[in-house]
Amino acid sequence: MFSQAIEQDLHHCRKCGMCQQVCPTYKITRQEYFAPRGRAQIVKHYLEGDLKISPRVEQALMSCMLCDACAAFCPSGVRIDRLFRNMRLELDHIFGKPFSKRILFSALSKSSRAWKASAAARAGQSLLVDTLGLQLKVGNIPIEKLPRPNKKPFRQTTPEKLSPKNKKVGRVAYFVGCATDLIYGDVGNAMLEVLLRLGIEVVVPQDQVCCSAPMFLSGAAKQALPNIFKNLDIFDSVDVDAIVVDCATCGSALKKGIPELLEDLGMDAEKSKRVAAKVKDISQIVAEHVDDLPIQDSCSGEPLSVTYHDPCHLIRGMGVSEEPRKILRSLPGVSLVNMEGANECCGGGGSYQFDNVDLSREITLKKKHNIFATGAKIVATGCPGCRLTLAGNLSDDDCTEVVHTIELVRRSLAKEPE
Amino acid sequence: MRDEIKKELAKIVGPDRATDAPEHLVTYSFDAYTEEHLPEIVLFPVTTEEVSAIMKVAYREDVPVTPRGGGSNLAGESIPIRGGIVVCLTKMDKILAIDTGSLTATVQPGVVNLDLQKAVEKLGFMYPPDPASWAVATMGGTVATNAGGPRTLKYGVTKDYLLGLTVVLANGDVLKTGGRTLKNVTGYNLTTLLCGSEGTLGIITEIIVRLVPRPLASRTVRADFVKLEDCSDAVSAILAGGIIPASLELMDQFTVRAVEKSFNLGLPVDVEGILLIQVDGGPETLEREVKQIEAVLKEKHAVNIVSAADAAEADRLWLARRSAGTALMRIKPNIVTEDVTVPVSNLTAMIRKVVEICERNGISVGVFAHAGDGNLHPCMVFDRRDEEEYQRVLKACDELVPEALALGGTLSGEHGIGLAKAPFMPLAMDSVALRVMHGIKDYFDPKGILNPGKFV
Ligand SMILES: Cc1cc2nc3c(=O)[nH]c(=O)nc-3n(C[C@H](O)[C@H](O)[C@H](O)COP(=O)(O)OP(=O)(O)OC[C@H]3O[C@@H](n4cnc5c(N)ncnc54)[C@H](O)[C@@H]3O)c2cc1C
Ligand code: SF4
Ligand code: SF4
């Protein structure tokens with residue numbers, strides 16, 4: 001399972017400990033077991049044969065948020081995140097997944113099943129908590145704070161091709177993540193509207209499926225592969241300038257995670273690299289054309305203070321952080337206030353909050369504190385996972401709304417000429 | 001260690017803060033040095049009383065105890081080489097008081113250096129000791145290693161800011177040294193004795209330090225030299241001219257090339273040395289000092305002098321120095337960061353020796369130095385899996401030390417002795433000094449249970 005490159009990487013860890021300063025789980029626990037280099041040592045001892053797979057080995061690996069902060073920071077360039085992901089494949093290989101996750105993964109690997117689960121959940125939100133697991137079964141978020149699922153899956157509400165009214169300046173394919181498809185349909189609508197107003201034609205391939213990051217990041221590569229191949233076939237064959245995502249996790253999976261996974265599994269990664277080269281976050285496209293945006297020219301009243309949270313998968317997974325800020329700064333009536341630790345994990349991390357309730361809560365509390373310190377009325381971000389975590393933890397009397405950056409762009413669009 | 005003892009120890013701190021699980025033990029078998037050894041139990045006390053209770057049991061049962069902070073030391077000082085207990089102090093991480101009236105701060109040992117820096121900076125003060133590892137090194141660890149940093153030249157090292165300590169002795173007794181006054185000559189200076197004792201005399205559980213007002217402004221200058229000799233002559237000349245910069249750092253050609261290769265900062269790769277100089281203080285004096293420094297640099301044949309106009313530009317200049325360690329680390333997987341220190345006037349001679357010794361042993365080496373205080377960090381890069389190469393690195397270290405001593409230098413400037421330098425102690429100290437040291441150790445730790453296998 002472990003390629004030579006990864007073992008080599010492990011060896012490059014010089015144990016300097018400098019990564020402690022960026023690791024959210026170390027900063028809370030102050031224990032090496034929850035620090036990048038400590039976890040790397042565990043993997044090393046496992047590979048050398050003097051540690052067997054055990055629940056504690058599993059906890060060390062599964063309590064890592066895969067936030068990438070350590071890999072981005074490490075002076076020696078150690079790809080700790082890749083190491084852990086591979087170790088998780090190894091764990092899955094030996095253990096199999098706990099039952100709850102199996103249900104979830106089978107649901108995600110077939111969207112129809114996911115939809116059934118989420119539709120059932122619309123009837124009683126508590127069911128949703130039990131069935132949908134991953135994005136929704138969240139140890140820390142009170143049920144009433146969970147967003148209502150879409151009335152209908154977003155993809156079913158949109159045609160396969162949408163053409164702009166005015167002059168066409170480009171053509172993109174839209175990769176619709178599960179979160180937009182199932183719960184944040186408004187983000188999908190905002191995406192389409194903004195792209196079309198920019199003169200960009202949008203293709204929404206109807207048979208696309210979940211990007212599978214939640215699965216393969218947890219070690220369930222086997223369940224993930226059919227989805228991955230299906231998406232690659234679809235998106236490699238559409239003739240577009242770019243493949244656009246509105247979910248940081250899907251984006252970083254397509255851009256980085258999947259090609260690396262296939263490489264690590266010793267598979268052909270050519271097609272995935274072709275696709276990866278075209279993947280762009282929506283904020284990248286909008287930032288590029290920000291001057292062409294048909295924005296309301298006037299705005300009255302107090303400027304709306306907005307702070308921006310960098311999703312791990314956007315800033316480190318896709319290398320995107322300046323673009324959303326550029327967009328926000330250019331919106332009339334918005335004043336962007338920076339928060340301390342904007343690039344630090346929110347504590348969400350996929351199913352993390354479910355597996356590591358206490359740790360996750362403390363990490364989120366820190367984030368919440370930093371958000372309040374800005375006094376902002378709105379938190380903009382680019383990942384539904386972060387959004388869910390943040391919204392779920394900001395209480396009602398704080399009056400802080402959490403939105404996707406693209407929704408703010410849509411709100412500022414000038415009325416379309418009749 | 002017998003199971004009953006482990007149980008007794010675990011009871012002191014509670015099961016949540018004690019562990020002997022192999023998966024946890026492997027994470028406390030190492031620090032930033034190359035060796036590893038497993039402890040038998042790791043404890044995370046949160047009060048002086050808990051530490052004292054732990055030591056009472058350890059003393060009674062003759063069990064080795066290794067204190068540990070951030071585990072960022074470079075000389076194997078916190079590797080539990082004889083097994084036993086690791087007492088990890090990272091959870092004692094509260095800043096207990098910042099007294100702006102008397103310019104002191106009282107902290108627990110697990111407070112991270114940078115966290116204290118940020119807290120006092122907000123109030124307009126500075127805590128000068130600033131090791132490059134400040135974002136992870138704990139106050140306990142920096143006191144126990146007497147850490148220094150780039151600001152050492154002007155501001156001194158940890159011991160210069162240390163006023164008082166609470167220390168748990170080997171038998172569990174709690175010793176209080178010093179106090180909150182700047183002046184204090186009441187008896188032997190136990191505070192200074194414990195500073196730099198690397199956990200061999202006691203476990204530090206509370207620290208009182210002195211703060212200074214934050215300097216109003218600073219200026220940064222970079223100068224490139226074709227010849228290394230000119231570069232270090234310039235260092236001496238600046239100091240002789242009566243200016244004490246806050247930092248005066250040197251990078252040799254190998255290091256500069258490594259930085260360029262990794263980061264493309266536009267550094268000149270054909271010069272033998274680069275100096276980075278930072279002065280701080282009031283705006284008017286700074287202006288004058290920068291002019292004076294530039295004149296000296298010209299006189300010493302600097303081929304290029306860059307003075308940063310603003311903070312952002314200064315930051316860019318310092319990025320080169322901050323990236324040095326990183327760039328060197330990327331050449332090969334492992335690195336030994338040497339730490340010999342010589343009188344400033346012998347700096348060039350020592351760098352030349354380092355390069356010659358490493359060349360002779362077939363080892364790649366980059367040297368950067370806190371030039372202002374003669375503290376060299378030759379970084380030897382290698383692959384630990386190649387045992388033969390590792391032995392050559394150790395041999396090069398062996399050869400380096402006598403050279404440094406012959407040039408009037410010392411074993412370690414700031415990283416300490418630990419495992420790495422312990423064998424050299426008899427070279428660096430005469431028998432009288434060693435006898436006194438052993439006497440002190442015997443008094444504090446008669447059973448030899450505190451961080452055994454290290455420098456004494
Ligand atoms: C990248 C890098 C850069 C560095 N730069 C510098 C630098 O510029 N200057 C410098 O001086 N050092 C530097 N160091 C070395 C190291 O960071 C320092 O020695 C630091 O002081 C160690 O602090 P720590 O908390 O990590 O202590 P540890 O490594 O955990 O322990 C160091 C020693 O202190 C003892 N100890 C720790 N806590 C206590 C306590 N509470 N009571 C008694 N003994 C205790 C341990 O037993 C051990 O002997 C650097 C290290 C790295 C990896
Ligand atoms: S992962 Fe990188 S930063 Fe962390 S200890 Fe290893 S080398 Fe240092
Ligand atoms: S990926 Fe994030 S949580 Fe995991 S070890 Fe690295 S910094 Fe820590």
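Note: hydrogens, waters and symmetry copies are ignored here, and every other heavy atom, side chains too, is used. In the text below, chain A, chain B and the rest are named by the order of the sequence lines, each starting its count at 1.
B:Arg330 places a side-chain N or O within 3.5 Å of a backbone atom of A:Pro75 that can act as its donor or acceptor partner.
When the candidates A:Arg37, A:Lys52, A:Gln59 are compared by the number of heavy-atom contacts under 4.5 Å with chain B, A:Arg37 comes out ahead. With chain A as the partner, the residue from B:Val26, B:Asp93, B:Asp31 showing the most heavy-atom pairs under 4.5 Å is B:Val26.
Considering every non-hydrogen atom in both A:Glu32 and B:Gly70, the closest pair reads OE2-O, 3.7 Å.
When the salt bridge (charged side-chain N to carboxylate O under 4.0 Å, His left out) test is applied to A:Glu48, no partner is found at least two apart in sequence or on another chain.
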Test side-chain contact (heavy atoms from CB on, under 4.5 Å) applied to B:Val112 and A:Arg30, step by step:
CA-CA 11 Å; B:Val112 170; A:Arg30 312 286 320 275; 3.5 Å; yes
Could you go through B:Lys118 and A:Glu340, starting from their C-alpha distance and side-chain angles, then the distance that decides it, and tell me whether this counts as salt bridge (charged side-chain N to carboxylate O under 4.0 Å, His left out)?
CA-CA 13 Å; B:Lys118 283 186 188 155; A:Glu340 204 181 311; 5.3 Å; no
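For B:Arg68, the part lying near chain A is the side chain, with the backbone staying farther off; criterion is any non-hydrogen pair under 4.5 Å. B:Leu328 does not touch chain A: none of its heavy atoms, backbone or side chain, sits under 4.5 Å away. Proximity to chain A is limited to the backbone of B:Thr34, based on heavy atoms less than 4.5 angstrom apart. For A:Gln31, the parts lying under 4.5 angstrom from a heavy atom of chain B are both the backbone and the side chain. Residue contact with chain A, scored on non-hydrogen atoms closer than 4.5 Å, involves the side chain of B:Phe44 exclusively.
Residues from residues 17-24 of chain A that place a non-hydrogen atom less than 4.5 Å from a non-hydrogen atom of chain B comprise A:Gly17, A:Met18, A:Gln20, A:Gln21, given in numerical order.
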